[in-house]
Amino acid sequence: MSGTGAPSQRAARGSGAGKAADARGGRAQNDSPRKAGSSIHQRQKLLLPASSCWAPGDRARFRASRHGPFFPKLTVCLFLFVFLLPSVLSLPRPRLLRSVFSPDPQTSFPFRVLQISSFANSSWTRTDGLAWLGELQPYTWRNESDTIRFLKPWSQGTFSDQQWVQLQHTFQVYRSSFTRDIWEFVKMLPDEYPLEIQISGGCELLPRNISESFLRAAFQGRDVLSFQGMSWVSAPDAPPWSQVVCNVLNGDQGTKETVHWLLHVICPELVRGLLQTGKSELEKQVKPEAWLSSGPPPGPGR
């Protein structure tokens, strides 16, 4: 009787002691296996990278005492992360590593278009256009030509032939109407012939799929107006007649919508395509940021 009762009592006492230890926190409940789909198991998986800093036996010492010293290697990991990471990031790093820590593009290729229109008198005029992407010139438009000339094999970008035909037609209508309108504007200008008008426009792609566009006009080398938002605005210190010109231009809603469409839709789309088709040549224009070797920089022939 006593032989069989003693093991039962000892087992009961052992079970009670185990439950008491669990209640006091002496035994971790998460030592028992869990289902793979439980939320506790998922949180444990998220903590795996941090626990990899612990040495063997650290987890047991942490469970045994909440007040004793623990995390010997975790503290080292945190120290390295907080104090050494800024120093690492300040060092020159390869392009792949730079793309991880600095996702924003480091090199910009603004797209700029320059139009120069000369008016010798009320019957003779000449308009030429040039375009640059960064330091490369993909387009030119001579006065004697009805079409834009491609100067690079990748100048078409990702636009289809039909898109380019429509875009060419838009610029042809613009050039003919521009010449006619300038002859009308000259009638209310105090200056006499010869006249020169310069128009600069374009766009630039920024990080996070954002673009900035601009369009400015100069008369005899002096800024007179610009296109901002959906309106023409007179430039600071521009002659008084520039405001009259802006009022006339702002009354043409169709032209304003076309200009806005060209600046904010067509231009960024064109540049994105050029950055793809001209990638190899554009990368040659990018100068290295730093010489990564510990030796002297390369000299001639090296």
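Remember, predicted model here, so these are calculated numbers, not experimental data.
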Check: [X]/[Y] side-chain N/O donor and acceptor closer than 3.5 Å:
X    : Y    : result
T125 : T179 : no
T127 : Q115 : no
E196 : Q198 : yes
D161 : Q156 : yes
S226 : Q228 : yes

Taking all heavy atoms of [X] and all of [Y], pick out the closest pair and write down the distance.
X    : Y    : result
S213 : C203 : OG-CB, 3.5 Å
G229 : H260 : O-CD2, 3.2 Å
L130 : Q137 : CD2-NE2, 3.3 Å
L274 : W154 : CD2-O, 3.5 Å

Residue pairs involving residues 259-281 (criterion salt bridge (charged side-chain N to carboxylate O under 4.0 Å, His left out); sequence neighbours excluded)
K152-E281
Are W164 and F150 close enough that their ring centres sit under 6.0 Å apart?
yes
Passing option when L215 is tested against L262, L225, V113, L263 for side-chain contact (heavy atoms from CB on, under 4.5 Å)
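Checked L262, L225, V113, L263 against L215; only one passes side-chain contact (heavy atoms from CB on, under 4.5 Å): L263.
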Gap between atom [atom2] of [Y] and atom [atom1] of [X] - 0.5 Å precision:
X    : Y    : atom1 : atom2 : answer
D128 : I116 : CG    : CD1   : 7.5 Å
Q166 : H169 : CD    : NE2   : 9.5 Å
L270 : F159 : CG    : CZ    : 5.0 Å
M230 : Q253 : CE    : CD    : 5.0 Å

Show your working on ring pair (Phe, Tyr, Trp, His ring centres under 6.0 Å) between W241 and F219 and close with a plain yes or no.
CA-CA 11 Å; W241 55 261; F219 179 80; 5.1 Å; yes
Should we say atom CD of E135 is surrounded by more than 12 heavy atoms from elsewhere, each under 6.0 Å from it?
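At most 12 heavy atoms, drawn from other residues, nucleotides or ligands, come within 6.0 Å of this atom.
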Donor-acceptor pair, [X] side chain versus [Y] backbone, under 3.5 Å?
X    : Y    : value
R175 : T170 : no
T255 : D252 : no
S242 : P239 : yes
N250 : W232 : yes
S155 : P138 : yes
Q172 : D146 : yes

Using the ring pair (Phe, Tyr, Trp, His ring centres under 6.0 Å) criterion, which residues pair with Y174? Sequence neighbours excluded.
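For Y174 the ring pair (Phe, Tyr, Trp, His ring centres under 6.0 Å) partners, ignoring immediate neighbours, are F178.
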Quick one, [X] and [Y] - any side-chain contact, counting heavy atoms below 4.5 Å?
X    : Y    : result
Y193 : W124 : no
F214 : S200 : yes
V224 : V245 : no
L275 : F109 : yes

Could you go step by step and tell me if I148 and T140 meet the side-chain contact (heavy atoms from CB on, under 4.5 Å) rule?
CA-CA 6 Å; I148 300 174; T140 185; over 6 Å; no
All side-chain hydrogen bond (donor to acceptor under 3.5 Å, both in side chains) counterparts of T277, not counting sequence neighbours:
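Scan of T277 (side-chain hydrogen bond (donor to acceptor under 3.5 Å, both in side chains), adjacent residues dropped) gives none.
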Is any NZ, NE, NH1 or NH2 atom of the basic residue among E144 and R126 found under 4.0 Å from an Asp or Glu carboxylate oxygen of the other?
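R126 and E144: salt-bridged.
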Under the criterion side-chain contact (heavy atoms from CB on, under 4.5 Å), I'd like the reasoning laid out for R216 against I199: C-alpha separation, chi angles, the key distance, then a yes or no.
CA-CA 6 Å; R216 297 183 292 269; I199 298 179; over 6 Å; no
